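Not measured: the values here are computed from a predicted model. When a residue number appears, it is its place in the shown sequence, counting from 1.
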Amino acid sequence: MTKQEIIKMVRRKEVTIDAHTHIGISPKFYYQFGYPYALSLEDMVVRMEMTGIDHSVVFPFVDSAYYEDDSDSPVIKTTTRHCQFPYELENRNLLNEIYEIFPEHSRKVLPFFMFDPSRKTEEQARHMEELSEKYPVFGLKTASTYIQAFVNDLDTKGKPILDFAKKRNLPVTFHSSFFHDDPWANVNDIVDFAERNPEVRVCIAHTARFTHSVLEKADRLDNCFVDLSAFIIHCKLAVQQSPHVAGGEERFPGDYSNPLSVMIELAETYPGTILWGTDTPFYYWIQKYYSADGTLHEERLDCGYKEESQLFNQLSEEIKARISYHNTIRYLFG
Ligand SMILES: [Zn+2]
């Protein structure tokens with residue numbers, strides 16, 4: 001199917017779209033006893049069938065062979081042993097798996113490219129251009145915390161990538177962070193980027209870490225969306241008063257020990273802004289990573305593979321259709 005045919009098929013009737021999932025591997029996570037560390041398209045499709053999801057937006061994992069696998073180092077180092085620039089291998093692999101290995105599953109997923117806004121951006125943009133000549137691609141994603149790259153670089157150093165997104169009318173999803181020692185994916189930087197670039201559709205992942213002022217601002221901007229990816233474990237962080245989500249006055253008000261009530265409140269307060277996404281397989285999270293001051297953080301947050309869908313299925317039909325179809329279609333296709 002061509003890209004236009006896929007868009008037509010997805011638009012044709014109200015379906016359930018998961019706006020945030022990953023396919024691929026992270027050897028680094030595996031070597032340091034983290035979880036999850038891998039998911040294949042084949043397994044993704046089995047999960048989608050079990051949980052009633054019609055289409056999923058899929059990105060590669062957050063890791064790339066371009067970054068050195070050195071979990072003892074607080075600073076990300078790069079290597080050209082396996083590829084010449086960030087996500088060269090991972091973007092190619094994602095599209096190969098979808099369109100060459102499993103063409104029979106290809107209509108179920110909407111692949112996004114992963115990118116690094118700070119390093120070798122011309123090479124990345126050229127590669128994305130080349131791949132999207134051959135395969136249907138529906139957007140871009142960055143998770144700049146894990147690669148220590150900066151959201152704010154996208155309209156300076158990362159301009160070749162931004163120009164590519166504009167030329168192809170592709171939306172951009174950003175991993176977000178509230179933690180004050182994460183200068184890479186600050187949630188305020190993302191919403192400010194959306195404001196500076198009204199012609200680019202932007203999605204802030206992880207419910208903007210429940211940051212009230214950012215949710216309000218995103219809702220005022222026509223081009224800015226917020227996805228609910230890994231909602232349950234983020235609610236757990238809120239209950240734990242973790243510094244990784246907004247707290248006190250800065251947090252969107254709600255009873256975070258009852259994730260369903262918060263999800264309903266968000267969908268009703270920001271009717272055109274919220275997108276449903278599970279973050280499969282990262283609804284589960286056991287990882288170690290370094291913050292900017294060189295401190296090693298370790299976390300464990302559990303959530304079963306059906307839990308995000310079970311929560312979603314308790315929403316009203318109206319909210320379900322809005323956050324998993326109507327808003328998502330506007331984000332994806334404009
Ligand atoms: Zn994710």
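- Taking 4.0 Å as the cut-off between side-chain N and carboxylate O, Lys108 and Glu49 count as a salt-bridged pair.
- Interatomic distance, Ser26 OG to Glu90 CD, rounded to the nearest 0.5 Å: 9.5 Å.
- Two residues are said to be in side-chain contact when any heavy atoms from C-beta on lie closer than 4.5 Å; Gln4 and Ile7 meet this criterion.
- By the neighbour-count criterion of 12 heavy atoms within 6.0 Å, atom CD of Glu122 is sparsely surrounded, having that number or fewer from other residues, nucleotides or ligands.
- Side-chain N or O atoms of Asn327 include none that pairs as donor or acceptor with a backbone N or O of Leu275 at under 3.5 Å.
- Salt-bridge formation is detected for the pair Arg168/Glu133: a Lys NZ or Arg NE/NH1/NH2 atom is positioned less than 4.0 Å from an Asp or Glu carboxylate oxygen.
- Cluster annotation: Leu296 and Trp184 are assigned to distinct hydrophobic clusters (Ile/Leu/Val/Met/Phe/Trp/Tyr, side-chain heavy-atom contacts under 4.5 Å, transitive).
- For the atom pair CD of Glu97 and CZ of Phe102, the computed distance is 6.5 Å after rounding to the nearest 0.5 Å.
- We find that Asp302 and Arg300 are joined by a salt bridge, their nearest charged nitrogen and carboxylate oxygen being less than 4.0 Å apart.
- Contact between Ser144 and Ala185 at its shortest, heavy atoms only, is OG-CB, 3.5 Å.
- Without hydrogens or angle criteria, His206 side chain to Ser229 main chain gives a donor-acceptor distance under 3.5 Å.
- Taking the centre of each ring, Phe61 and Phe282 come in below the 6.0 Å mark.
- Between the Asp293 side chain and the Asp181 main chain, no donor and acceptor come within less than 3.5 Å of each other.
- Here the rule is side chain to side chain contact (heavy atoms under 4.5 Å, CB included) with Ser177, and of Asp182, Val151, Val187 only Asp182 fits it.
- Under 4.0 Å is where a charged nitrogen must lie from a carboxylate oxygen, and between Asp153 and Arg119 no such pair does.
- Between Asp155 and Arg196 a salt bridge is recorded (basic side-chain N to carboxylate O distance below 4.0 Å).
- The backbone N or O of Cys83 lies less than 3.5 Å from no partner atom in the side chain of Thr80, so there is not a single donor-acceptor pair.
- Looking only at distances, a side-chain donor or acceptor of Ser64 sits under 3.5 Å from a matching main-chain atom of Tyr87.
- For Gln124 (side chain) and Asp116 (main-chain N/O), a donor-acceptor pair under 3.5 Å exists by modelled atom type.
- Taking the six-membered ring for Trp and the full ring otherwise, His127 and Phe85 have centroids separated by under 6.0 Å.
- Enclosure of atom CD in Glu249 is not indicated, since only 12 or fewer non-hydrogen atoms of other residues, nucleotides or ligands lie within 6.0 angstrom.
- Under the side chain to side chain contact (heavy atoms under 4.5 Å, CB included) rule, Phe231 has a single partner from Thr278, Leu266, Asp279, Leu260, which is Leu266.
- The ring of Phe59 has its center closer than 6.0 angstrom to the ring center of His20.
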Glu88 and His82: side-chain hydrogen bond (donor to acceptor under 3.5 Å, both in side chains), yes or no, with the steps?
-> CA-CA 9 Å; Glu88 180 185 4; His82 305 289; over 6 Å; no
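- Neither side chain, Tyr66 nor Gln84, offers a donor N or O lying under 3.5 Å from an acceptor on the other.
- For Lys3 (side chain) and Phe138 (main-chain N/O), no donor-acceptor pair under 3.5 Å exists by modelled atom type.
- Open room surrounds NZ on Lys306; 12 or fewer heavy atoms of other groups in view lie less than 6.0 Å from it.
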Do Ile329 and Ile17 pass the side chain to side chain contact (heavy atoms under 4.5 Å, CB included) test, and can you show the C-alpha distance, the side-chain angles, and the key distance before you say yes or no?
-> CA-CA 9 Å; Ile329 292 289; Ile17 306 170; 4.0 Å; yes
Determine, step by step, whether Lys288 and Glu299 satisfy the salt bridge (charged side-chain N to carboxylate O under 4.0 Å, His left out) criterion, reporting the C-alpha distance in whole Å, the side-chain angles of both residues, the deciding distance to 0.1 Å, and the verdict.
-> CA-CA 7 Å; Lys288 293 180 190 153; Glu299 265 171 3; over 6 Å; no
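- Rounding to the nearest 0.5 angstrom, the gap separating the CD1 atom in Ile23 from the CG atom in Leu41 is 4.5 Å.
- The ring pair (Phe, Tyr, Trp, His ring centres under 6.0 Å) test with Tyr146 is passed by exactly one of His297, His22, His175: His175.
- Figure legend: Lys28 and Tyr67 shown without cation-pi pairing, the cationic atom not lying both under 6.0 angstrom from the six-membered ring centre and within 45 degrees of its axis.
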List the steps, then state whether side chain to side chain contact (heavy atoms under 4.5 Å, CB included) holds for Lys141 with Val172.
-> CA-CA 6 Å; Lys141 161 81 197 292; Val172 187; over 6 Å; no
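- Salt-bridge annotation for Glu318 and Arg322: present, with a side-chain N of the basic residue lying under 4.0 Å from a carboxylate O of the acidic one.
- Taking every heavy atom of both residues into account, Tyr35 and Gln287 meet most closely at O-NE2, 3.4 Å.
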Would Met114 and Val62 satisfy side chain to side chain contact (heavy atoms under 4.5 Å, CB included), going step by step from the backbone distance to the final call?
-> CA-CA 8 Å; Met114 198 62 124; Val62 299; 4.0 Å; yes
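- No more than 12 heavy atoms of other residues, nucleotides or ligands shown are found within 6.0 angstrom of OH on Tyr30.
- Aromatic ring centres of Phe193 and Phe174 lie closer together than 6.0 Å.
- Between Tyr331 and Phe225, the gap from one ring centroid to the other is short of 6.0 Å.
- Heavy atoms from other residues, nucleotides or ligands lying under 6.0 Å from NZ of Lys159 number 12 at most.
- With contacts defined as side-chain heavy-atom distances shorter than 4.5 Å, the pair Gln310/Asn313 does not qualify.
- Although no hydrogens or angles enter the test, the distance criterion places no donor-acceptor pair under 3.5 Å between the side chain of Tyr270 and the main chain of Glu265.
- One N or O on the side chain of Asp54 and one on the backbone of Thr16 form a donor-acceptor pair closer than 3.5 Å.
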Take Arg201 and Asp222 through the test salt bridge (charged side-chain N to carboxylate O under 4.0 Å, His left out) and record every step on the way to the result.
-> CA-CA 8 Å; Arg201 297 187 301 288; Asp222 284 342; over 6 Å; no
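- Stacking of Arg11 on the aromatic ring of Tyr325 is not recorded, the 6.0 Å distance cut-off and the 45° axial limit not both being met.
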Taking it one step at a time, do Ile204 and Cys224 satisfy side chain to side chain contact (heavy atoms under 4.5 Å, CB included)?
-> CA-CA 8 Å; Ile204 309 174; Cys224 195; 3.9 Å; yes
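- Remark: Arg107 does not engage Glu5 in a salt bridge, criterion side-chain N to carboxylate O under 4.0 Å.
- Closest approach of Thr51 to Ser309, counting heavy atoms only: CB-OG, 3.3 Å.
- When Phe178, Phe179, Trp285, Phe210 are each tested for a ring pair (Phe, Tyr, Trp, His ring centres under 6.0 Å) with His244, only one passes: Phe179.
- There is no path of hydrophobic side-chain contacts, each under 4.5 Å, that joins Phe33 to Leu301.
- In the model, Glu100 has a side-chain atom that pairs as donor or acceptor with a side-chain atom of Tyr135 under 3.5 Å.
- Under the 3.5 Å distance criterion, the side-chain polar atoms of Arg220 are left unmatched by any main-chain donor or acceptor of Leu215.
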